[in-house]
Amino acid sequence: MATELPKAYDPKAAQEKWLSFWEERGYFHSEPDASKKPYTIVIPPPNVTGALHMGHALNNTLQDVLIRWRRMQGFNALWMPGTDHAGIATQSVVERLVFQQEKKTRHDLGRDALVKRIWEWKDKYEARILGQLRELGASCDWRRTRFTLDPVCARAVRETFFRMFRDGYIYRGKRLVNWDTHLQTSVADDETYTEETKSGFWTFKYPVDGMPDTFISFSTTRPETMLGDTAVCVHPSDERYKALVGKLVLQPHTGRKIPIIADGQLADPELGTGCVKVTPAHDPNDYACWQRHPEIGIINILNPDGTINEAGGEYKGMDRYKAREAVTEKMKELGLYVDKSERMVPMPYSDRSKTPIEPYLSDQWFVKMGDREDSKPGLAQMTMDAVTSGKVKFFPERYARSYLDWLTEKRDWCISRQLWWGHRIPVWSKTFPSNRAFEAALVWDFDGAHQWLDRERVASQGQEGSLTLHLCLKADDPPTIARLESLGFTQSDDVLDTWFSSALWPHSTLGWPGPALPEEKPGRAPANWDALRYYYPTSTLVTSRDIITLWVARMVLTGLYNVGDIPFRDVYIHPKILDGFGEGMSKTKGNGVDPLDIIDLYGTDAMRYTMVKMATENQDARMPVSNVCPHCGTMIPQKQEHQSMRTKKLTCPGDKAKGITCGKAFRPGGPWPEPDPELPTARQASDRFEEGRNFANKMWNATRFLLMNLDGYTPGPMKLEELPTEDRWLLSRLATTTRAVTAALEGYRFSDVARLVYDFVWSEFCDWYIEMSKGRLKDAAARPTAQRVLAGVLDGILRLVQPVMPFVAESLWQALNEAAPERGLPAPSKAEESAAIARWPSYPEGWINSEVEARFARMQELVRGVREIRNRYQVDDKTRLDVSVKCSPAVAADFNALAAFIGPLAGIANLTAGPNTAKPKQAGGLVKPEFEAYVSLVGLIDVSAELKRLEKQLTDKRKSLEGTRAKLANEKFVSGAPPEVVQQQRELASDIEKQIAALEENLKDLRSAE
RNA sequence: GCGCGUUUAGCUCAGUUGGCUAGAGUACCACAUUGACAUUGUGGGGGUCACUGGUUCAAGUCCAGUAACGCGCACCA
C-alpha cells in the first residue's frame, strides 16, 4: 500500500511544517543574477504599530500570488518586505501608553527618552507584524527586510532632501495647517475626519468707523477668532453694502480698525447676513482671501497648545474655548451681540487624538510641485507624464484618472511635521536681526560638497526685517555641526512627513544612492548599486486606492527625480473589503475582522483562496461576519449594533437544527482593549471562507484517492492520440485551464484565477474524471495509463494551485513526490523537490480539442439526464436502469466506447445506442437535442402524476416553439442577423419540434400503460 | 456641487467584442451514505438583470435620463 494521508486536511500542521521548510531552503531569497530576469515587488510597508487586518491579508495575499507565480515561471523573484515608522500614528500610540502608565507627557520625558521608548515599542511590534505576514505564507525575502528609519533609508532620505534643497524644490513657507492642539502637531487632511457637531452660531455686529449708529453684522461659529480679524468682507455686487466698502470698522476687543473689503469668492450674498468676518490665520477660506488681499494683514492669535497668544491682548493665556465665552461676553457688554442659535456644523477632528482641529498658521517646509521658470522639471508634471506616456500602467485603468486629477492641481507638498518620531529635518537655522549681520554670515566658509546654503526673508509679526539663514547638511558631520552650533545655529525640531521616506521605498531599499554601504545587520542582504541596477524598476505595485495620491504618485515622483526612472511598471489597485453592511472596516467603527481568527478557524489556504476570489475588477467585497459562540461554536450573524462595542454582551441562542441549546453569554468579537475574565470573547467567522476550506480538503482527498490507487505505478510517456476519450478530454481541459489561469494572472484578474482552478479541480477532475477512473483502475490493462494521467494531471493542478494555496499544495506535492516522484505530461520527469519552486505549467496547444470536449459534453448530458429521471421518480440507486439511445452511428460508437464508465455514473444496467435502436416499451422520456434517449421505467413510476407533468411540459414547449417560429418568420431578423444566429434559431426550432414529438410519444406510451 | 464606481437568486458575487434556455458559491428542499472526501454525492426549486426611455433583427451587456448606495475631491461664515 502506498502512502496514506489522514482523512482530512489539517491546515495548522501544514502551515507550521512548510513555513520552516521553505525558509530553511532559502527559496525566497533572491540575489542579482544576470542569467535570469528579475520580477520585483516592494511591499507597501505596514505600520509598525499595526496588527494584521483584513486589508493586509488581501494586499499581501495578492502580492504573494504574483511573486510565487513568477518565481515558478523562472523569474528571479524578489519580494522586498519591511515596515513603516508611520510618524504620528506610532508616536501617539506610545505617548498615550506612557501617559497611561506613568502619567507623563512627552515634554516630561524629553525628546531622546521618548524616541528611545518608541524604538523599544517598534522592535516588539515590528516583530509581531512581520511574524503575522510570515504566517500568511508571504514568500518575502526576509533577509532584505527594511524599516523606513533604517540607515539604508535614512541615507536616501538625507540625499533626497539635500538634492531638492539644492535644486530649489524645497522651500520654507507659512501655511495654514490642521493643528492638533493636543498632540501639538500639524496633521494632514487625510489624518482628519469630519463629524457633525452641535455648535453655537452667533451673530455679532461691528461699528463702522466714522458713521455713528452704523453697524455691519456677521455670523460665526468661532467667536474667539474675532481677535484675529483683519477685515470684514462682502460680495462686490451686494447693493446693501456697496456704500460701505472701503470704510473701516472697529474690532472692539483689540481696538484695531479693520477694512470692509469686497471679495466675490469669499462672501455669498445669499447666505446669512451676506457679510463675513475675515480671520486669515485661522480659517482656510479667509486665508485664501488674504492671499488675494494681502494688504489686510494676517494675525495669528493662538499658541501651539490652543491658548490665546499675546496678539489676543487681555485674553492672552486663555484657552480658546474660555476665550470664546469671554469674547462673546464682551460683545454683549458693548451691545454688539445680536443673537445666538444652535446648529449642527461639520467639525474637523484629528484622527489620532480625537480632538478638534484648529486651522493654524505655522512655518513649514514644502516641496514645490508646480512648473519652474528654469530648465528644471516641474515635479507634478513629470510625475503625470510617467502615466500619460504609458510607462506606468494602472490596473484597473480607471485609477490613472484619480492619479492625474490630483496631480493636475500641482499643490505643494508640506513635508514637515511637528513630531519627534521620524527623519529629523537636516536643516540648521539662525535668525539675524538685520540684513548686515546676515550678509556677514554668508561669507563663512563651508564645504560646498556637503552643505548647501539657502537664504530667506522671514516676515513674522513684529520682526520685520529680520532674516533667517537655513543650512542643509548632506550628512551628519560632527565637526561641522559643532561649528554651526557654536555659531548659534540650531537644527530644526521638525521631522519629515512619513510619506517622504515611504516615497523613496522602491529605490532606497534597493540601495540608492549607493555605493557607500551603511552598516548592515548580520544576515542582511546588502543594498547597493548591484541590487538597484538589477531589480529597479520594480515590476508591480499592489496597493489600495486610498493611497494612490499619498504614496503611489510620490514614489513615481522621487523615483524619476532620484533614479531617473519609474519605480514600477504596473500598479494594481485592489478592492476594499467591506463589512456585511457595505461599510469600510476601521478601528473606529469596530467592524474589523481579525485574520488570525479566520486562519485559526479555516486555515491560511482558505483565507488566501477567499482573498483571491474577492479581488474582482470593479467591485468592493462585502464580508458578512458571524460571532462564534465560545461555548458551543454556534455562528451568530453579526448585526450592526454588535459593532463598535455597542453591545457588550450576547446570549447564544443555540442552534435548533443541530439541537444545541446553549443560552450562555459571551462578548461579541471586536477590538476590545482588555480581555474580560468573566465573559469570554467570541471569535469571528464568515462563511465566505468555507469555500476555500472545502476546496483545500477536496484536493487533499483527491490526492488521497490517487495515493490509495498508485500501487504498481510506473512512469511512462504517453501518446495523445492513443489515449481514450476521457483522457483526451481531461488533458484538453487542463491545457485550456492552464492557459486561462496564466492569462488571468497576467491581467491581474485574480478572481478569475480562483474560479478557474476551482471549477477545473472540482467540477471536472473530481466529479467526472476521478469517478470514471475508478473502473479503469480495476482493469489491469487500463490501470497504468489511468495512473499516469491521474498523477500527471494532479501534478499540474498542484502547480496551478501553489501560488494561491501554497500550504495544501506543498503538503500534497511532498506526498506525491514520495509515491510518484517521476510523473508529468506528456513525458514524465523527476518532479522538483518543492511545489514552491516547481515550474509553472504550460501544455501543448494541440491538446486543446474542441471536438473531444463536445463529445464528452454529450456523454455528460446523457448521464445528467438519467440522474435527473432517477431523482424525479425516486428510483433508488440499487435499481439499474435500461437506457436506449437513438442516435447517429458516430455518437453511438462514442457511447458504446464509454459505456463502461457511463454505467456506474448513472446506474445504468444496459446502454444500447445506435440508429436503429428500438425504444423500450413504456419508457419514461428523456429528450436531448442531438439524440433521443429513453429510460425504461416500467413499474417504477406513478403514471398519472407523470402524465400531468408531461402535459404541462408539452404546453410550455408549444408556446416556446411558437415564439421561435415567429422570430424566424420576421423578415428583418432573417435578413439582419448574422447567418449563424439565424441558423441557431432554426436549430432551436427543430430541437423543440423534436422534443414535442418525443413528448407526444411519451404521453402515448404512458396512456397505454395506464 | 464635481468625478469615479455599484445595483443580477434569500446572502456573497461572476457574466469578455450585444447573440443558444442568465451562471457559481452559500442558504433552502428532496434523495443517497461502508469504497478519496458529510469540509461529501445526486437532483430540484428560486431571477421583471434597480427604474424609464432609446438604438438594434437581437440589450443584463450599448446610449440618455431617474433613483438608491459607496468612494474620492471641493464646499459648508
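Protein chains get the first letters and strands the later ones, always in sequence-line order, with residue 1 at the start of each. Since we're looking at a predicted model, the values are computed, not measured.
- Among the nucleotides B:A36, B:U42, B:U26, the one closest to any side-chain atom of A:Asn701 is B:A36.
- In RNA chain B, stems built from 3 or more consecutive Watson-Crick or G-U wobble pairs, each with both distances under 3.5 Å, span B:1-7 with B:67-73, B:10-13 with B:23-26, B:28-32 with B:40-44, B:50-54 with B:62-66.
- Heavy-atom distances to RNA chain B give each of A:Tyr399 and A:Asp283 a nearest nucleotide, and the one nearer the 5′ end belongs to A:Tyr399.
- Nearest to the side-chain atoms of A:Asp767 among the listed nucleotides B:G3, B:A74, B:U42 stands B:U42.
- Among the atoms of the strands shown, none is found under 4.0 Å from any heavy atom of A:Ala696.
- If you check every strand for non-hydrogen atoms under 4.0 Å, A:Ser402 touches nothing.
- Looking at heavy-atom distances under 4.0 Å, A:Glu583 makes no contact with the nucleic acid at all.
- Residue A:Glu771 places its side chain closer to B:A36 than to any other of B:C73, B:A36, B:C11.
- Contact annotation for A:Ile770: base contact, defined as any heavy-atom pair under 4.0 Å involving a base atom.
- When ring centroids are compared, A:Phe807 and A:Tyr9 stay outside the 6.0 Å threshold.
- With a 4.5 Å cut-off on side-chain heavy atoms, A:Leu790 and A:Ile770 count as touching.
- Taking atom C1' on both B:G23 and B:A30, the two are 23 Å apart, rounded to the nearest angstrom.
- A:Phe705 carries A:Lys774 over the face of its six-membered ring, with the cationic atom under 6.0 Å from the centre and within 45° of the normal.
- Protein atom CG of A:Leu756 is 20 Å distant from nucleotide atom P of B:C13, rounded to whole Å.
- Residue-to-nucleotide contacts include no donor-acceptor pair under 3.5 Å from the side chain of A:Lys7 to the base of B:C37.
- Closest to the side chain of A:Glu868, from the set B:G41, B:G44, B:C11, is B:G44.
- The six-membered or imidazole ring of A:Tyr758 lies near that of A:Phe695, with a centre-to-centre distance under 6.0 Å.
- A:Leu404 has its CG atom 21 Å from the P atom of B:C2, to the nearest Å.
- When the shell of 6.0 Å around CD of A:Glu342 is examined, it contains more than 12 heavy atoms from other residues, nucleotides or ligands.
- Within 4.0 Å (heavy atoms only), A:Cys275 reaches at least one base atom of the nucleic acid.
- For A:Asn871, whose side chain is taken as the heavy atoms from C-beta onward, the closest listed nucleotide among B:U40, B:A30, B:G25 is B:A30.
- Computed from coordinates, the A:Arg867 CZ to B:A30 P distance equals 21 Å when rounded to whole Å.
- Taking for each of A:Phe695 and A:Leu266 the nucleotide of RNA chain B with the nearest heavy atom, the 5'-most of the two is the partner of A:Phe695.
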>> Run the side-chain contact (heavy atoms from CB on, under 4.5 Å) test on A:Met623 and A:Leu578 for me, step by step, so that the C-alpha distance in whole Å, both residues' side-chain angles and the decisive distance to 0.1 Å come before the verdict.
In response: CA-CA 6 Å; A:Met623 207 176 81; A:Leu578 310 176; over 6 Å; no

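- If you check every strand for non-hydrogen atoms under 4.0 Å, A:Arg398 touches sugar and phosphate atoms only.
- With respect to the salt-bridge test (charged N to carboxylate O, under 4.0 angstrom), the residues A:Arg222 and A:Asp283 qualify.
- Distances from the side chain of A:Arg622 to the nucleotides B:C13, B:U39, B:G41 place B:C13 closest.
- A:Arg401 comes within 4.0 angstrom of sugar-phosphate atoms only, judged by non-hydrogen atoms across all strands, and of no base.
- In summary, the side chains of A:Lys277 and A:Thr225 do present a donor paired with an acceptor at a separation below 3.5 Å, with no hydrogens or angles considered.
- A:Tyr769 and A:Glu764 are not linked by any side-chain donor-acceptor pair at a separation below 3.5 angstrom, with hydrogens and angles left out of the test.
- Between A:Asp10 and A:Lys12 there is no salt bridge, since none of the side-chain N atoms of the basic residue sits less than 4.0 Å from a carboxylate O of the acidic one.
- With distances taken from any side-chain atom of A:Arg545 to the nucleotides B:C71, B:G43, B:A36, the minimum falls on B:C71.
- Across all strands shown, A:Thr549 has no heavy atoms under 4.0 Å from either base or sugar-phosphate atoms.
- For the pair A:Met772 CE and B:A36 P, the interatomic distance rounds to 16 Å; values are reported in whole Å.
- We find that A:Arg622 and A:Asp579 are not joined by a salt bridge, their nearest charged nitrogen and carboxylate oxygen being 4.0 Å or further apart.
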Identify the pairs formed between an N or O of the protein and an N or O of nucleotides 14-18 of chain B at a distance under 3.5 Å, and give each distance.
| from | atom 1 | to | atom 2 | distance (Å) |
| --- | --- | --- | --- | --- |
| B:A14 | OP1 | A:Thr616 | OG1 | 2.6 |

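- Using a 4.0 Å heavy-atom criterion, one finds that A:Asn285 contacts the sugar-phosphate atoms exclusively.
- At the heavy-atom level, A:Asp620 lies under 4.0 Å from the strands shown only through sugar-phosphate atoms.
- To the nearest whole angstrom, the two P atoms, one in B:G10 and one in B:C51, are 14 Å apart.
- Counting any heavy atom pair closer than 4.0 Å across all strands shown, A:Trp762 reaches sugar-phosphate atoms only and no base atom.
- The side chain of A:Gln874 sits closest to B:C31 out of B:C31, B:C11, B:C73.
- In this structure, A:Arg864 reaches the sugar-phosphate backbone alone: every heavy-atom distance under 4.0 Å involves primed, P, OP1 or OP2 atoms, never a base.
- Within the cation-pi definition used here (under 6.0 Å to the ring centroid, within 45° of the axis), A:Arg776 does not qualify as a partner of A:Trp768.
- Checking B:C13, B:U26, B:C4 against the side-chain heavy atoms of A:Glu690 singles out B:U26 as nearest.
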